[in-house]
Amino acid sequence: MLQIADKTFRSRLFGGTGKFASAQVMKEALAASGAEMITVALRRVDLTNPADDIMANLDRETYWFLPNTSGARNAEEAIRLANLARAVGNTNWLKLEITPDPRTLLPDPIETLKATELLVKDGFIVLPYMNADPILALRLQDVGAAAVMPLGSPIGTNQGVLTRFQVAIIIDQARVPVVVDAGLGAPSHAAAAMEMGADAVLVNTAIAVSGDPVRMARAFAQAVEAGRTAYEAGLGLQDNKAAASSPEVGLDFLR
Amino acid sequence: MLQIADKTFRSRLFGGTGKFASAQVMKEALAASGAEMITVALRRVDLTNPADDIMANLDRETYWFLPNTSGARNAEEAIRLANLARAVGNTNWLKLEITPDPRTLLPDPIETLKATELLVKDGFIVLPYMNADPILALRLQDVGAAAVMPLGSPIGTNQGVLTRFQVAIIIDQARVPVVVDAGLGAPSHAAAAMEMGADAVLVNTAIAVSGDPVRMARAFAQAVEAGRTAYEAGLGLQDNKAAASSPEVGLDFLR
Amino acid sequence: MLQIADKTFRSRLFGGTGKFASAQVMKEALAASGAEMITVALRRVDLTNPADDIMANLDRETYWFLPNTSGARNAEEAIRLANLARAVGNTNWLKLEITPDPRTLLPDPIETLKATELLVKDGFIVLPYMNADPILALRLQDVGAAAVMPLGSPIGTNQGVLTRFQVAIIIDQARVPVVVDAGLGAPSHAAAAMEMGADAVLVNTAIAVSGDPVRMARAFAQAVEAGRTAYEAGLGLQDNKAAASSPEVGLDFLR
Amino acid sequence: MLQIADKTFRSRLFGGTGKFASAQVMKEALAASGAEMITVALRRVDLTNPADDIMANLDRETYWFLPNTSGARNAEEAIRLANLARAVGNTNWLKLEITPDPRTLLPDPIETLKATELLVKDGFIVLPYMNADPILALRLQDVGAAAVMPLGSPIGTNQGVLTRFQVAIIIDQARVPVVVDAGLGAPSHAAAAMEMGADAVLVNTAIAVSGDPVRMARAFAQAVEAGRTAYEAGLGLQDNKAAASSPEVGLDFLR
Amino acid sequence: MKIICNGTEYEVGQGTTLLHFLAQLQLDPDTVVVECDEKIIPRQAYEALVLAPGQNLELIRFVGGG
Amino acid sequence: MKIICNGTEYEVGQGTTLLHFLAQLQLDPDTVVVECDEKIIPRQAYEALVLAPGQNLELIRFVGGG
Amino acid sequence: MKIICNGTEYEVGQGTTLLHFLAQLQLDPDTVVVECDEKIIPRQAYEALVLAPGQNLELIRFVGGG
Amino acid sequence: MKIICNGTEYEVGQGTTLLHFLAQLQLDPDTVVVECDEKIIPRQAYEALVLAPGQNLELIRFVGGG
């Protein structure tokens with residue numbers, strides 16, 4: 001079982017709630033994914049559409065909410081969003097996301113460390129989204145991050161884990177759970193991250209924009225389990241030299 | 001459902017029976033894999049160990065046998081093994097495997113095409129193991145191969161699908177099922193092959209030599225289903241440009 | 001020095017003559033490439049443009065001609081082109097190219113082996129273009145190919161050496177020169193092939209369609225020399241573990 | 001010509017001076033590399049070997065010195081080394097290198113930014129070695145870094161540019177020169193970095209530990225020029241679809 | 001009297017409470033957090049808070065995000 | 001009399017049938033295929049086939065393979 | 001009389017030699033190879049070869065290729 | 001009198017200057033930087049600086065590095 005802070009999770013697939021074509025599709029896809037932890041964002045209420053309330057579609061008994069600070073460009077904005085999330089969501093859990101540059105949506109290491117330290121002191125359970133920077137991961141856990149969330153590739157690119165060597169080092173050194181976030185575009189990407197020893201993965205775009213989000217959610221759920229099981233069972237090493245899978249003896253009669 | 005020749009299979013994971021530590025482990029791993037089609041090799045009976053009979057451990061009601069011609073170095077040897085397999089196995093199904101060079105265990109395109117043609121004429125259902133050569137795949141199906149089995153990487157190397165662009169072309173052009181064989185060392189490799197549209201994969205070494213073959217077999221089973229489901233659901237395209245998964249509007253109050 | 005058949009070459013970069021915007025650009029780019037061996041194709045004379053004669057632009061004292069059989073879809077068509085090439089070009093050298101499928105332009109292993117054997121018997125110096133199939137490479141050299149030309153990636157795709165493991169095996173086993181052909185889209189691709197131990201590379205598209213073919217030709221020339229020099233000097237091994245390039249001692253005063 | 005701060009360089013290959021078997025080999029390799037900028041480290045004088053003085057082997061008319069702060073684990077140690085370098089080297093140029101973890105030798109983003117800001121204010125020309133973090137690169141140039149030096153892969157691993165997508169973004173956004181540092185193990189790696197648009201590369205281990213450092217230095221010099229020339233000439237795009245390099249018309253007589 | 005809510009001017013009656021205002025907007029007070037002049041208003045204060053002229057309200061809620 | 005089986009010389013009694021010989025070797029005739037002088041012997045012929053001096057038998061069965 | 005050259009019909013005078021015909025087409029005989037009714041004509045035979053009605057000529061030369 | 005240099009104790013005569021001390025160690029003063037009790041000594045001060053008992057010197061120079 002995965003433990004983060006004082007909470008345990010059976011599912012190692014975290015779900016995002018953005019980009020779904022409809023609330024109904026989102027509900028069914030999340031159910032199919034088996035996710036227990038789901039992310040949500042904070043935005044101004046659209047007063048022309050008061051009934052459009054995601055909370056009407058998500059059972060808080062079923063899902064553990066992880067509000068994100070998406071949109072924040074620095075620590076100050078992120079902290080403001082964190083406090084709003086705590087007030088409306090009645091939770092101190094937070095996916096800290098600070099992305100100053102809307103072109104790349106890559107996280108800011110300096111502001112992320114600063115905000116993590118302040119928010120932890122203020123009682124938040126902070127899971128920072130971060131570049132796959134092993135030293136930064138060490139510093140984030142030193143200031144009390146409950147987990148680290150290194151990126152596989154830029155948000156929404158579906159390119160998978162382009163940061164393999166960095167993620168491998170982060171996993172090797174981490175004292176807190178490592179959740180690979182962003183860019184996982186196919187179940188095989190999620191499985192590969194889990195095989196490396198990641199504790200969990202977060203997937204949103206690849207499920208939400210799939211031709212069939214419900215089936216894709218199921219596929220990611222299976223792949224995450226497959227990757228975790230393989231990691232626990234122990235993978236064979238890669239080798240350049242071929243080795244027969246059938247016996248090499250007992251063929252004298254052929255020659 | 002996967003159809004090869006006149007037979008249908010629910011499972012798209014084919015199992016190998018080599019390299020297991022014991023018959024018991026093999027039985028449990030095959031059961032966990034959910035494989036319906038399994039490969040076996042032909043060798044001289046070890047007269048010092050007459051009771052060591054794999055057929056005592058495999059229920060032919062449960063498993064469809066695919067005898068291979070492993071060890072054959074040319075068409076003639078392969079055909080001799082094919083006839084022995086048909087006589088003892090009471091089946092005309094055959095994984096044709098012709099590997100002249102024991103250092104690389106790579107298949108011979110010329111002898112493989114020649115043997116496929118002759119064996120098909122002699123009534124065999126032939127699934128040739130082949131280099132990932134799209135033109136050869138076309139020629140093999142033209143002479144009646146029931147499926148083609150391009151390699152992902154050399155046998156036993158666990159390197160995964162190093163032949164992506166060739167396998168993609170083979171799948172795109174094939175009129176018969178494409179089974180990716182050899183070198184799949186992790187569930188993520190199998191999932192990736194299925195996501196590309198492969199009809200099935202064959203796995204032996206990665207399961208048999210795992211620290212826990214039974215759990216690894218289950219992991220591969222899940223990964224193959226995940227990859228197939230994702231292929232059918234439709235994967236999102238990869239993109240170099242980041243795209244937010246949270247809304248880009250509704251943050252005016254932050255600025 | 002590179003030796004093929006009875007001829008030696010200082011330059012390990014072979015040049016193609018197709019796709020250039022003008023004969024003048026082609027001449028300057030070939031000069032900048034330092035290529036000694038260049039390929040040409042055979043086509044019907046365009047009777048509406050009789051003066052358009054490539055031979056008016058290429059000095060046969062400077063360049064060793066390697067006519068190709070591009071366009072041939074089987075051995076018979078290739079042999080017919082070979083004889084035409086010998087008649088008009090007054091040379092028995094030949095780049096054998098048999099590509100039955102215009103969609104992929106990938107070579108046919110069966111027809112290529114058959115044509116190589118017949119043409120060698122007929123006195124041709126045959127350099128077959130081939131899929132990166134190590135067993136086929138052995139068979140081609142066994143029937144007298146003067147060199148083998150495995151593809152890096154499909155013609156004109158600029159994707160570089162996607163066939164690394166196969167090319168490495170071919171080089172390791174070859175008794176004749178190995179010339180990596182097709183798909184080399186950047187100087188770094190050519191350098192990588194040479195670092196692996198390839199004897200030469202053939203480049204056409206990447207130079208001809210560059211924004212500045214003459215400078216690109218020079219870049220490929222340098223990269224090929226760089227890769228060859230590195231191969232001869234001996235590359236360091238890759239390692240996952242970091243190792244300092246500055247001394248690890250002598251810092252006591254800092255701590 | 002490459003310009004950093006107020007100085008211009010013809011060569012885009014920076015040389016390291018560590019790990020050479022002898023001062024003589026170092027001198028010859030640096031000469032062969034054509035490097036104008038070379039790095040040096042600071043260490044306690046070995047009093048048992050007073051004559052072992054690198055300055056006796058390097059002509060400061062020929063080489064522009066870039067002292068590094070290798071060994072520093074935080075900003076304070078780096079600043080102390082910077083001042084020692086300025087005093088003994090009579091230069092305010094500095095390769096800032098802060099690596100808290102000797103296992104990975106990866107740079108600390110927080111301490112690196114802090115030290116860069118302080119050292120720039122103190123009049124140093126600072127070239128920080130950094131993880132390939134695009135946001136950090138923006139911040140470093142904002143506080144006055146004269147160039148940024150993102151890593152390709154961990155120091156001494158020879159794995160090449162494993163950080164392609166990050167380096168591409170850094171180059172795309174940079175207002176200061178981008179020098180790819182660390183992990184470049186072969187000339188093809190250096191050429192690839194230059195083709196991406198890097199302004200320069202720094203190579204030490206791959207040259208110093210080669211079987212023939214002098215020839216390897218020459219190879220890197222050629223590869224860097226090749227990559228830069230290709231970048232300026234303009235590379236063709238990669239494509240999955242094959243495109244013939246010989247004409248597709250004029251073969252009617254064959255069919 | 002006039003207040004600003006999510007950047008738009010609204011006319012509200014004297015003595016309107018925040019809870020009442022949210023009701024007018026058909027919003028569920030339990031899923032909306034309110035900043036009044038950049039200060040977060042605790043849920044339990046919605047009923048007591050009487051809106052005053054010129055106040056700047058921000059109504060924020062959870063939406064789908066990754 | 002002597003025969004060769006899987007490369008080894010065996011002494012067998014006159015009139016020994018192939019089925020009998022397999023039984024002596026404790027082999028299940030249903031999971032072993034026999035080549036006699038490079039000719040495959042059909043399963044149903046095992047009982048009738050009487051071994052002759054100098055015959056070269058190959059006994060082959062399925063084993064684990066990929 | 002009529003002949004076919006590279007798929008097109010040509011009217012040529014009686015007794016026209018191949019060399020003469022190439023000259024009419026402004027082609028350099030040294031860089032063009034000729035198939036006449038699918039048979040390659042050796043360069044040195046161009047002068048002697050007199051074209052005959054209905055012959056099918058293919059004129060082929062080197063072009064840029066990779 | 002005793003001083004510490006690069007972590008080792010040295011016996012030096014009264015009135016020894018830093019420049020003199022470096023000469024005793026056969027070091028080129030132009031390629032060595034000196035920290036005396038954690039303070040960097042400017043090159044031009046080497047001649048004037050007279051070593052005092054118990055001082056802690058660090059002699060540092062450039063070495064090969066990447």
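Values reported hereafter were calculated over all heavy atoms of this structure, with side chains retained and with hydrogens, waters and symmetry mates removed. Below, chain A is the first sequence line, B the second, and so on; all start at residue 1.
- Of all heavy-atom pairs between F/F62 and B/G89, the closest is CE1-CA, 3.5 Å.
- Per-residue heavy-atom pair counts under 4.5 Å with chain F were compared for B/K19, B/M55, B/K95, B/R44, and the maximum is reached by B/R44.
- Smallest separation of non-hydrogen atoms from B/L47 and F/C5: CD1-SG, 3.9 Å.
- At most 12 heavy atoms of other shown residues, nucleotides or ligands fall within 6.0 angstrom of atom CD in F/E47.
- Counting heavy-atom pairs closer than 4.5 Å to chain F, the top residue among B/L202, B/L58, B/V45 is B/V45.
- Looking at F/R43, neither its backbone nor its side chain comes within 4.5 Å of chain B, counting heavy atoms on both sides.
- Around CD of F/E35, the count of heavy atoms belonging to other residues, nucleotides or ligands within 6.0 Å exceeds 12.
- Residues meeting the ring pair (Phe, Tyr, Trp, His ring centres under 6.0 Å) test with F/Y10, sequence neighbours left out: F/F21.
- Closest approach of F/G65 to B/T39, counting heavy atoms only: O-OG1, 2.9 Å.
- F/Q26 touches chain B through backbone and side chain together, each having a heavy atom under 4.5 Å away.
- Note on B/N204, B/N90, B/L84, B/I155: by heavy-atom pairs under 4.5 Å with chain F, the leading option is B/L84.
- Contacts of B/F14 with chain F are absent, with no heavy-atom separation under 4.5 Å from either backbone or side chain.
- The minimum heavy-atom distance linking B/A41 with F/G64 is given by the pair CB-O, 4.0 Å.
- Contact count against chain F (heavy-atom pairs under 4.5 Å) is highest for B/G18 among B/A208, B/G18, B/G16, B/G15.
- Minimum interatomic distance between F/V63 and B/R43 (heavy atoms only, all atoms of both residues): CG2-CG, 3.5 Å.
- Summarising the geometry, atom CG belonging to B/N83 is positioned 12.0 Å from atom NZ belonging to F/K39; distances are rounded to the nearest 0.5 Å.
- Contact of B/N68 with chain F is made through the side chain alone, with heavy-atom distances under 4.5 Å.
- Applying side chain to side chain contact (heavy atoms under 4.5 Å, CB included) to B/P50 and the options F/D28, F/V32, F/L27 leaves one that passes, F/L27.
- Only the side chain of F/I40 has a heavy atom closer than 4.5 Å to any heavy atom of chain B.
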